[in-house]
Undergrad: 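Questions regarding the structure given below will be posed in turn.
Throughout, protein chains are lettered first and strands after them, A, B, ... in sequence-line order, and every chain is numbered starting at 1.
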Amino acid sequence: MGGEGIDSAKWITSVGIDLGTSTTKCVFSRLKIERRNGLSMLPQFHITDRILSYESPMHQTPFRNETEIDISALEIIISGEYQKAELRPSDVDTGAVIITGETAVKLNADSIVHGLAKQAGAFVVAEAGGDLEAILAGKGSGAEARSILTQGMVVNIDIGGGTANAAFFERGSCKRTLNFHIGGRLIMLDSAGTITKVYPAVQDWLVNEGFHLNKGGVTSMDELRKITHCWSEMLFSTLMNPLDSESCPLIYGERNGALTSSENIAEVWISGGVGRLMEQASPRTMEEAAGYGDIGPLLAEALKKAGSAYPFRLQVPPGAQRATVIGAGVHTTVLSGSTVFVDPHLLPLHNIPVVKLKWPAGDLSRLAGIQPAVEAVFAEGIRKFGKLGKPPFAIVLPAVPYYSYPVIREIAAAIVDVSTASMQPENPEMFLVIICEDDAAKAMGNCIHVLSAGKLRCICLDQISVEHGDYIDIGKPVAEECIPVAIKTLVFSALRELRDNEREQC
Amino acid sequence: MTLQHTEELEQLKRSTPARIGTGRAGSRPTTRELLKLRCDHAAAVDTVYGRVSQALLDELGLFSVESSAGDKEIYLRRPDLGRVLPESSIQNIRLRCIHEPKVQVVISDGLSANAIEHNLRDVYPALLDSLQVHGLTCGTPFFVQNGRVGCMNAIGDILQPEVIVLFIGERPGLLTSHSMSAYLCYKPRSGMTDSNRMVVSNIHQGGTPPVEAGAHLGTLIARMLKQKISGVELLL
Amino acid sequence: MKLTVTYLGESYRFHNLKELFAKANEEKSGDQLAEIAAENARERMAAKLVLAELTLAEIRNHPLLPPEEDEVTRVIEEGIDEAIYEKIRNWSVGELREQLLSQGEDEVRSIGRGLSSEMAAAVTKIMSNLDLIQAASKCEVLSHCNTTLGQRGRLGSRAQPNHPTDDLQGVRASIYEALSYGMGDAVIGINPVIDTTDNIVRLFHETMDVIHKWGVPTQNSVLAHVTTQMRAIRKGAPADLIFQSLAGTERGNESFGVNLSLLEEADQLIREEGTAKGSNRWYFETGQGSELSSNAHHGIDQLTLESRCYGLAKRFKPFLVNTVVGFIGPEYLYDSKQVIRAGLEDHFMGKIQGLPMGVDVCYTNHMKADQNDMDNLAVLLATAGVNFLIGVPMADDCMLNYQSLSYHDIATLRELLRLKSGNEFSDWAEKLGILQNGRLTALAGDPTLFM
C-alpha cells in the first residue's frame, strides 16, 4: 500500500470567459490534479475536483456598431476582472474564451477571441460555435453529471439572447447537439410595445408565419405570446422527434451525432438567461414583458407552459445564466494519459488542428495496410494544413483492439519513413505530434525515436478523445508527465472550411 | 432464474468486473454462473502448474536456469527455495552473462507460466526501446524456472548489476490467469526487501498494457539510476 | 513440568513449551516451513499426549514469549480474569477440554475469561473438529455498533464490494448487489486499492451515502491502513468502524506498521469522532501465518500466534473480528483439510476469548482447495454459531483475486439452518420486501432495486 507518498495533489488555475450576445462574464476555477491509482500501476492522473474560485458580475457585451465588438472596451472589462480575482494572466494555466450565440457571427469575432486568449493567459483556448456552446453549457449546468444517474437522456438547452443550444447527454456523455435561432433578444422592443429591432436570423421565419414585425411598428402581448409559443413548441417537438429536425426552419449549423427515433428523454434543463427568467413570475403587462427591452420574459413564460405538456421533467438548474461560462472555465481542460513521450521544451503548443488516421480493414495484427494508412493521413494533413514539421497538425491514431509490439513497430516505422521523406528532420524547429487514443504513447514515441536514431523529434500523447476537425492546445507538464490538453471543437464551422480552403490554396 | 435484462442492470454490470446481477436458482447460483466460476478456477489452477515453452525462450534468446525449489510442489510449499539458486545455476549464470551490467533483465514463470507466454513478446522489446532512448545498456537476459521475487537478490550477488528487472508470473486470479508483474531494484543484493523494490503489476491485455508497461519501466529505471535508489524512497 | 512421554514403545522428549506447542499442532505447511512441525504422526500424537497433561498454571508460568520482550504478551497477561484463573489454574489441558465440552454456556464463557491466549491455543491443539464446533457454539458473543450482532439464531454477513480501481460507481453497484440478497448486516466494508487519504475519505462517504439513502441498519468500514483511516476521519470522513490487521507479536505488528500506542490513539479517535451509536467500534482481521511471513514468529507455531492476536484484539472490545483463513497461500495452509481445520480453530479460539468472531471462508488459486471445500467449511462454521461470514458477488473477489463465499452461499446457509440476518437489518429487508421470514423473496437478488 502506498501511504502518504502519493497523497500530493496539485492544483492548477483555469479561466473561463463567455462573450455572449447580450452579456459577458468570466469565472476562475481551481482544478485539482491527483494520482488516482496505486503505485504498482502505470501513473494515471485525473482532475478530481473543480472548484469555482471567482465569478464576475454580468457585463453588457460592448459593441462598436451592429457588426463589430468593441475590443478595447472588452479588454478593460477582462483586465478588471483579473485584478479583482487577484490573478495575473501568467497565473492561469488553462481555460477557454468562448464567444457565443449571435456574437459569434460578428465580423471581428475570430480575431477577438484569439486576441483575448493571449491577453487572458498564455495557455487559454479560444473557441466558439453553437455545438460547443451547447456542450459546455450542459457541463456547466450539471446536466452531464445528472445524466449518469438517470434512466434516459438529459437534454440541456442553453437559451440566451440569440440562440438556443441543446446538448443531449446519456450516461455522462454528449450524444449530439442541436442549435436553434431561438432567443430572448431576437426581437427587441420598448415598454410601449414598439419594436426597436428584429434580428435577421428570424426575419424570414416571421414573414412566412404571417407575423409582420418591423422596426418602429407596435406589437401586442398576444402576438408575442403566439410567436414565443410557436418557438417553444418547435423546440420541444424537435427534441422529442429528432427526425423532424431536417424540416425545422430555425435550426442552424451542423446536425451533429446520429439521430435515432427511439430516444427516451427523461429531463430537459433550460440554462442561460432565459432559463433564469423562467424562475420569475409571468409578465402581466407589456411594461413588465419588455422589462429587459426584449421578449425574454415572454419566451420564458411560453417555455414553461409548452413544456408542461411533454412527458419529460422540465427544470431550471441553479446558476442557469452562468452555465456556459462555468462550462468553459471549469470543464474545458482534460489530461493526457500519464505515460507519454514529450520534450517539455516544445510546449506549450496552440491551435493544433487534428487529422485522424483510418486503420485498414481487417486484423491489424497482420500488419497489412498500415504503411499506406500512415501515408494517407500525412498526405491529407499536408494537403489541408500545409507543410509537415513544426506542426500545423497532429495525427490521431484511433483505438485498436490490442497494441502488440510488432504493431507499434510497424506504425512507428511507417511514421518515420513518411516523415523523413516529407520533412527536413535536421531542422531543429521540426517535430511531430502524435495522439494515440489507447494507452500507448510512450511505447510509440520510444519506438519512433529508436527507429529514427533520435533524429525525428516528436510529442506523443494518449487517451484523449479528439475528432477530425478539432483543434487542440497542449500545455506544459503539471506533474511528472501529466499534460493538460484543451480541445476546441468546431471553431466557427463555416469559417473553418474557409480557412481550410485557404490553406489548401497556399 | 436469470435476472431480467434491463438497461439499469446493464449499467450496473458495466461499472464493475464483479459478478453481479447473475440471478439465482432458489438461493443457489444459476447453473451457468456456477459452472463459469468453476471453469475460471480450473484455468487458474492449470496455469500454476504450466511451463514456459522452449520456443519462446529460443525466440527471445534466453537461456534457462532453475531455482533451488526443483519442482512445482516444493516451490509452492517452500517460497524460500524459490529465492535462492543451486550451485549449478550460479555457475551457469556466472559463465554466460556479462558481469556488472547497467541493467540486468531476468524472467521467471513464478505462479503463472501463461503470463510470460502472453506478455513477454510485447513488454520486453518495448523495454529495450525505452532503455535505448535513455542511453542505457543491458546485460545478458535469462530465464529462471520456479523463481520467486527474492531471487533478484541472489542474482544481484552474482552479477552485481546496477539495476535488475524481473518479469514474473503473478498468482492467477479468475478474471485473468496471465497477469505478469515487473519488479525493479537498484543494486539488488542479499538482504534487500520489498521496500527496496518497485513493482508494476497487472500487466496483461485488459490490464496494464504490456507495451506501455515496458516503455514506463525504462523511465523508472532511468530515474532509479539518477537518484541511485529504488523502492519507497524513490521520488516519482 | 513434564515434557516427556513414552508412547508405542518409543520415548519422546520436548525441550521446551515452544517446541511442544508446535509439534502438538495438526499438520500445517506453515509450521513445516518454519521447521518447527512434528516429524511424523507419532511425534505429533506424543506432543498432544504431553500437552494434555500440563496444567494451565504451568503454561502461564513458562511464557513462550516473555512479557518483557513483547507488548502483546503484556496485553494478554493484563486481560486474564485473575479470580477465575485462580479457580482453574490446576486443571490440566485435557481437563479443560472436558470442562468446555460438558459445562453449560454461562460456565464456558466464564472459563474463557480466565484463560490466556496460550491456554486457549493449547486446548485447541487437542480438540477434534467437532469438539471445536461444539465448544464454540456455547459462546454467544454480542457486540454493539449501530446494530447488534451475534445473537443466537442470527448469521451476519459482511458485504465486500471491492473494485479493482476503487471506482465509486462500481463499488456502489456491488453494494446494491449485496443488499439485494439481504447481505451487509455485519458491515459494508471495502478493501481499497489506493491508500491515499483523499481516496479513503471518498470511500467512507460513498458507503455512508448508500447506508443513509436506504436507511440500512448497518455500519461502514474502509479497510485501509489505520493511519490513513485516522487522517480521513480527522478530515471529517464518516466512519462507523476503524479497521486494522493484527499480528500475534510486537514485531509482527511492527511489520504491519502498528503498535499498541498507535492502536490506543486510533481507539480514542474512533470513540470521539466515529459516527456509530454503539460502543464497539473496531474491526480487526487476522489469519494464521502472517507472523512467519514477516519473520516475526519467534519460533512459535502459527496457531498459537493466531490465538495471541485474539488476546490483543480483546483489549479493544471490537465489534467484528475476522480471520481471513485461506488468503495467505499454500506455504501456510496447504490444502482444504488444513484450511478447514484452521477455520474451526480460529473461530473457537476467538470465541472462547470473548470475541465476536467472523470468518472469511476463502482460498487462493495456488492452494489445493476449491469452492466445494468452502461450502463444507461454511456449513461447519454456521453450525458452530459464527457471528458473520464474508460475502462477495459469486464468491469471486475481482480486486484481491481470491475466492470467498457467494451471497448465494450465505443465503443458503440461513435457509438451511434457519438462521436470520441481524435483528434490525432483518426487519429492514423484510419491510423492503427482499426477505420474508428470513428467506429470499422473488424480489431478492436484483441490484437495480436500489437505483
Side-chain angles (χ1 to χ4, degrees), chain B residues 1-4 6-30 33-34 36-38 40-49 72-73 75-82 110-112 148 170-177 179 193 202 207, chain C residues 29-30 32-33 160-164 167-174 176-178 180-181 293 329-331 334 363-368 370-372 392-403 406-416 439-440 442 444-451:
Chain B
M1 66 213 161
T2 310
L3 269 188
Q4 202 198 331
T6 61
E7 174 50 33
E8 284 114 317
L9 186 62
E10 283 311 303
Q11 192 184 332
L12 290 180
K13 285 177 155 224
R14 265 195 304 271
S15 68
T16 174
R19 298 172 195 234
I20 63 169
T22 57
R24 56 197 176 85
S27 65
R28 304 299 303 143
T30 61
E33 286 297 325
L34 181 67
K36 185 168 181 297
L37 181 78
R38 297 300 306 274
D40 293 343
H41 180 242
V45 169
D46 286 351
T47 285
V48 172
Y49 292 91
K72 225 27 149 200
E73 286 301 328
Y75 174 78
L76 289 176
R77 283 171 176 266
R78 295 289 304 271
D80 53 328
L81 296 180
L111 287 165
S112 171
R148 295 265 177 184
E170 290 174 7
R171 191 186 85 201
L174 295 198
L175 277 182
T176 174
S177 60
S179 184
T193 67
N202 197 32
Chain C
S29 52
Q32 289 163 343
L33 180 63
Q160 185 166 299
N162 295 346
H163 188 282
D167 177 81
L168 295 184
Q169 281 181 56
V171 167
R172 192 172 273 251
S174 199
Y176 292 168
E177 171 82 359
S180 78
Y181 279 91
S293 75
E331 60 268 40
Y334 184 68
Y363 62 107
T364 61
N365 291 321
H366 60 322
M367 279 172 66
K368 289 217 183 301
D370 63 24
Q371 207 61 38
N372 289 333
V392 292
M394 269 314 290
D396 172 17
D397 189 304
C398 58
M399 190 281 274
L400 292 170
N401 274 328
Y402 76 120
Q403 287 86 252
S406 173
Y407 298 134
H408 300 85
D409 300 336
I410 301 174
T412 306
L413 293 169
R414 285 175 177 165
E415 287 196 4
L416 272 176
R439 293 178 161 243
L440 300 181
D446 180 359
T448 64
L449 281 176
F450 296 95
M451 289 180 82

Undergrad: When heavy-atom pairs shorter than 4.5 Å are enumerated against chain B, which of C/Q403, C/Q169, C/R172 gives the highest number?
TA: C/Q403

Undergrad: Run the side-chain hydrogen bond (donor to acceptor under 3.5 Å, both in side chains) test against C/H163 and tell me which residues pass, sequence neighbours left out.
TA: C/T165

Undergrad: Where does B/R28 contact chain C at under 4.5 Å (heavy atoms): side chain, backbone, both or neither?
TA: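 Backbone plus side chain of B/R28, per the 4.5 Å heavy-atom cut-off to chain C.
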
Undergrad: Would you mind telling me which of B/I20, B/D40, B/L34, B/T6 has the largest number of heavy-atom pairs within less than 4.5 Å of chain C?
TA: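 If we count pairs closer than 4.5 Å to chain C, B/I20 comes out on top.
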
Undergrad: Using non-hydrogen atoms and a 4.5 Å limit, figure out which bit of B/L76 sits close to chain C: side chain, backbone, both or neither.
TA: both

Undergrad: Against chain B, label C/E331 side chain, backbone, both or neither, depending on which of its atoms sit under 4.5 Å from a heavy atom there.
TA: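 For C/E331, the contact with chain B is made by backbone and side chain together.
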
Undergrad: Checking heavy atoms, do the side chain of C/A178, its backbone, both or neither come under 4.5 Å from chain B?
TA: neither

Undergrad: Could you give the distance from OG1 (B/T176) to CG (B/N202), rounded to the nearest 0.5 Å?
TA: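 Here the interatomic distance stands at 8.0 Å.
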
Undergrad: Against chain B, label C/D446 side chain, backbone, both or neither, depending on which of its atoms sit under 4.5 Å from a heavy atom there.
TA: both

Undergrad: I'd like to know if B/K36 and C/D396 make a salt bridge, using a cut-off of under 4.0 Å between side-chain N and carboxylate O.
TA: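 Salt bridge flag = no for C/D396 with B/K36.
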
Undergrad: Taking B/P29, B/G173, B/P172 one by one, which has the highest count of heavy-atom pairs under 4.5 Å against chain C?
TA: B/P29

Undergrad: Tell me, for C/L400 versus chain B, whether the close heavy atoms (under 4.5 Å) come from the side chain, the backbone, both or neither.
TA: backbone

Undergrad: To the nearest 0.5 Å, what is the distance between CE (C/M399) and CG (C/D167)?
TA: 13.0 Å

Undergrad: Among residues at least two apart in sequence or on other chains, which ones pass salt bridge (charged side-chain N to carboxylate O under 4.0 Å, His left out) with B/E73?
TA: C/K368

Undergrad: Which atoms of C/Y363 are under 4.5 Å from chain B, going by heavy atoms: the side chain, the backbone, both sets, or neither?
TA: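 Contact with chain B involves the side chain of C/Y363 alone.
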
Undergrad: Heavy-atom distances under 4.5 Å only: say whether C/P164 touches chain B with side chain, backbone, both or neither.
TA: side chain

Undergrad: Contact part of C/Y176 toward chain B, heavy-atom cut-off under 4.5 Å: side chain, backbone, both or neither?
TA: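 The answer is the side chain of C/Y176.
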
Undergrad: Is B/R77 close to C/L33 at the side-chain level, that is, under 4.5 Å between some pair of heavy atoms?
TA: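 In short, these two side chains do not touch, never coming nearer than 4.5 Å.
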
Undergrad: Who wins among B/L175, B/L37, B/V45 for the most heavy-atom pairs under 4.5 Å with chain C?
TA: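 Highest number of heavy-atom pairs under 4.5 Å: B/L37.
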
Undergrad: Under a 4.5 Å cut-off applied to non-hydrogen side-chain atoms, are B/L174 and B/R19 in contact?
TA: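 Heavy-atom side-chain distance check passes, below 4.5 Å.
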
Undergrad: Under 4.0 Å between a Lys/Arg side-chain N and an Asp/Glu carboxylate O for B/R14 and B/E7?
TA: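 Salt bridge present between B/R14 and B/E7.
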
Undergrad: Below 4.5 Å from any heavy atom of chain C, which atoms of B/Q11 appear? Answer side chain, backbone, both or neither.
TA: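 For B/Q11, the side chain is the part near chain C, not the backbone.
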
Undergrad: Might you point out which heavy atoms bring B/R24 and B/G26 nearest each other, and give the distance in Å?
TA: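 Here B/R24 and B/G26 meet closest at NH1-O, 2.9 Å.
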
Undergrad: Report which part of C/D370 has an atom under 4.5 Å of a heavy atom belonging to chain B: side chain, backbone, both, or neither.
TA: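 For C/D370, the contact with chain B is made by backbone and side chain together.
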
Undergrad: Might you work through the side chain to side chain contact (heavy atoms under 4.5 Å, CB included) test for C/Q371 and C/D409, ending with a clear yes or no?
TA: CA-CA 10 Å; C/Q371 207 61 38; C/D409 300 336; 4.2 Å; yes

